[in-house]
Every structure is written in C-alpha cells, then in structure tokens.
Enquirer: 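Shown below is the structure under consideration.
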Number of protein chains: 2
Amino acid sequence: MRNCIIASTSTIHGSQPLAYLKDALIELYSDVDEILFIPYARPGGISHDEYTIGINNIFKKINKKIVSIHMFKSTQDAFNNVQGIYTGGGNTFLLVDQLYRNNVITPLKEAILSGAPYLGTSAGSNICGLTMQTTNDMPITYPPNFKTLGIFPFNINAHYLDPDPNSTHKGETRETRIKEFHNLNSQPVVGLREGSWLRIRDEEITLEGDLSARIFEQNKAPYELDSGNSLSTLN
Amino acid sequence: MRNCIIASTSTIHGSQPLAYLKDALIELYSDVDEILFIPYARPGGISHDEYTIGINNIFKKINKKIVSIHMFKSTQDAFNNVQGIYTGGGNTFLLVDQLYRNNVITPLKEAILSGAPYLGTSAGSNICGLTMQTTNDMPITYPPNFKTLGIFPFNINAHYLDPDPNSTHKGETRETRIKEFHNLNSQPVVGLREGSWLRIRDEEITLEGDLSARIFEQNKAPYELDSGNSLSTLN
C-alpha cells in the first residue's frame, strides 16, 4: 500500500509554498488530521521550530495540524500512531545524514509502505528513490550511506532543468550529469520539472502537473513522458 | 614548496582544451619533460587510454610527454621519480573515490608539497582544497571520505556561476549552496569562474586570468577579489 505525492519542488515561481498542490494535498490527506513533519533537510538560517511553524501556517489553511519529528522524545514516539507524513526540502545530504543518525530510515519506510499518506518535496522526494545519488545538492555533510527508502524502483532528479542552448558555460548540464550516473548505476532516473509530481496509489504511479517529465534509462536515449501517463512499470 | 596551477576548467567557451592556459603551462612545467596524468575523474564514455591519448596530443604541442597513472604496475611505481603532475576533470566523487581506493592520496599530496609542478582542472582543482564538499558534481559513487589533499587551507568551487537575475527556477543558486555549506563548515570557499586560475608558488597564492573570483567566508558577506591579487592569507 502506497499513497504518496512526490513533488519536484515545494514552491513554483510567483506562487506561495505548496499553493499549486493545494487540491492534491486535500485529497492526499483526506483521512488525516495530523501530519508528522520531517524538517531535517533545512541546512540552517531558520531553526526546526521556525521551519515547523511556517509549515503549520500553510497546512492549517486545509485544516491539518503539523507535529514535527524533532518535538518528540524519540523517533519511535514520533511514529507511534502516525497518520500522515511530510518531508520538506533543503539539502539532501543533510536530510539523509539525519535520517540515518536519528534511526528514521526504517520506521519512515514502513509507515509509507503501510499506506500512511506521504508528501515529499525536493529533498523529501529524492529520498523515496533507491538512492540519493541523483540529487543536485552540495555534499555539505557526509551521510553514512547514499541508499534511501526505495519506495519505487528508480531515482528522482528534482528541480529538473533542461540544457540552455545558448549557454557558454562548460560545467556539465543536468542531462550530462545523469548520463554520468548511468555509467556507474543502472536504475532509471525521473527528471521532474518544477510544477510536476508523481501520484502514487498502491501499484499505480502517475505523472501529474502541467509539464512532461524527462526519463533517463541506462543505455537508452532520454525521452519525454507526458503528464497523466503511468510510470508503474519503470524499473 | 608548492608550484601549482589550480584552474576552474580545462576548457573555455569557443576554445580548445587548455589553450587559454598554454603560456602558463609552459612556465609551470619548464623543468619537466614528463607529466604524470591522473584520469580517474572521467566517468565513462571514453577509456583511461583514450583520455590519456587526448591529453598527450595537447601536451606534445608544448613538448611534454604524458604518462598516465593507470599505465603503471602500482601507485608507488607511478610516483617514483615523478616530475610533473596533471589531474583532469570529470566527476569529483569518482575522482576522490579512486584516489582513496588506489592509495594515491598520500603520495600525491607529498609530491605536490615537495614542489612537483601540478596542474588541476575542475575536479583536479577541487581535490586540492580541504574537502570536496563544494563540488557541483552528482554523487554518482560513494567515496570513503570527503577529505581531500589540503594543499591550501580553503575549498574551491570550480565553474563558479553567478545567479541569473531573470531565473524563475526555484532550485538553489550556487551562492545559496555555498551558504548552506557554511552553516555546517568553517573553511573559506573560492568561487573560481571559468577562465580563472590560482597560481601557487611556495607561500604565494595569486588569482590569475581575466576575471575576478568570488570569495565566501563563514559569517561574512561574499566579496569579489580582482585578478592579480593574493589569496595567501585566506584561511
């Protein structure tokens, strides 16, 4: 049982955080009063408390209460009777490091696979793939492992960006980086553009939002998948 | 004793690889006939042999012979009587992983600190900082450690890119990423734009090339350093 929204970004240009997902979140969390928030990805600037208050201000508009994992005495307490879950964005290295160090990997995976409604945005989406190895983030900390939750049998590249045909920059494009990944790794990568998300319901995975996604499979030319189509057989 | 060129990129737009550095390389390698090449960063597409042949074709124009580390029976053999060294670009995670696995970290550091003329481009420059944690590359492999050679007491951000004021993209800018790095780490970061390099001669470190560099120090506003100026006291 899976019931997830895996979003490229929390925020799209010119809009408030999560505003573009409002209807989708009302539906995702329809049976949920309280959402467990995981703020670990945020690399500073604001505290976990401040981050949580900001997220609670967003969710109270759809009549949901936020409780953050850092407010509990233990990880086990946080997952006792968990209803819904939201993992926010920031830095994926920091998020994965904290998930391992606070022993959150296993209970989080079990809760999602048991059907707890889950929202991930950006880093919170990356961790649902097989590994975090297609993140765009800087390695600001050294996590004990790059393996992530494996909620689906591929990887996410959040905030996917098309190459700029007019660029004179010689740094690698996103597409080049993912091709390098496939020189050493075999799982597919879904390049999710900002404004796109995956809707996962049990065995079904569908691309949602206005845009197409770019799919990268090893030893295959990358291709576009239009919104509304299935990724259920991608592996 | 240090004698290094630490370049942002091997190639600038509209130019052949290393062409913009030709005069600087003639000077760097003036007492050297043979250069030990380290091709480990290249994540595939071409073999180490092919990469080495391409690099040799460039260096023979300035009358230098390239021998690649992968052509030796052992790392120790490669560093016996080493004259000059060049570490090329590619993926920094892969490069650091291979440096550790092939026991190259210590002999490479010792050779550079003993005064062997060293050229690094891109990933080959990143590894001369304290850590590889300000790379832009994707974590396509998991190195045993993020610590690097520490030839100077700061980090490099190669291919430094200024924020695009017209961007509607919500992924982090390079400046934001380096700020996140400084929430967890204290060493300065030198944002080296393409076409810039550091020239290190013993205790002196000077910025070379046409462009300024952007310097990031923890708890300080980022600032520009003009070409020709010293970074010898940055730490």
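Naming: A, B, ... by sequence-line order, numbering from 1 per chain.
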Enquirer: Considering only heavy atoms, which portion of A:Glu180 lies under 4.5 Å from any heavy atom of chain B: side chain, backbone, both, or neither?
Expert: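 Contact with chain B: backbone and side chain both.
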Enquirer: In terms of heavy-atom proximity below 4.5 Å to chain B, should A:Thr135 be classed as side chain, backbone, both, or neither?
Expert: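 Contact with chain B involves both backbone and side-chain atoms of A:Thr135.
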Enquirer: Can you give me the closest heavy-atom contact between A:Ser196 and A:Tyr20, atom names plus distance?
Expert: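 Minimum heavy-atom separation between A:Ser196 and A:Tyr20: O-OH, 4.5 Å.
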Enquirer: Could you tell me whether B:Tyr100 and B:Tyr40 have their ring centroids closer than 6.0 angstrom?
Expert: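 No, the ring centres sit 6.0 Å or more apart.
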Enquirer: Less than 4.0 Å between a side-chain N and a carboxylate O, is that true for B:Lys179 and B:Glu172?
Expert: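 No, this pair does not count.
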Enquirer: Please flag which part of B:Thr168 lies under 4.5 Å from any non-hydrogen atom of chain A: side chain, backbone, both or neither.
Expert: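 Both backbone and side chain of B:Thr168 come within 4.5 Å of chain A.
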Enquirer: Which residues from residues 50-59 of chain A are near chain B, with near meaning under 4.5 Å between non-hydrogen atoms?
Expert: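 So far as heavy atoms go, nothing in residues 50-59 of chain A approaches chain B to under 4.5 Å.
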Enquirer: I need the contact set between residues 92-99 of chain A and chain B: heavy-atom distance under 4.5 Å, sorted by residue number.
Expert: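 If one takes a 4.5 Å heavy-atom cut-off, the residues of residues 92-99 of chain A near chain B are A:Phe93, A:Leu94.
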Enquirer: Between A:Asn185 and chain B, with a heavy-atom cut-off of 4.5 Å, which part of the residue counts as in contact: side chain, backbone, both or neither?
Expert: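 Only the side chain of A:Asn185 comes within 4.5 Å of chain B.
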Enquirer: Need one label for B:Asn157: side chain, backbone, both or neither, based on atoms under 4.5 Å from any heavy atom in chain A.
Expert: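 For B:Asn157, the contact with chain A is made by the side chain alone.
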Enquirer: Heavy atoms only, distances under 4.5 angstrom: which of B:Glu194, B:Arg177, B:Arg174 has the most pairs with chain A? Name it, please.
Expert: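 Ranked by heavy-atom pairs under 4.5 Å with chain A, first place is B:Glu194.
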Enquirer: If the plane angle is over 60° it's perpendicular, under 30° parallel, otherwise tilted; pick one for B:His159 and A:His169.
Expert: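 Correct class here is perpendicular.
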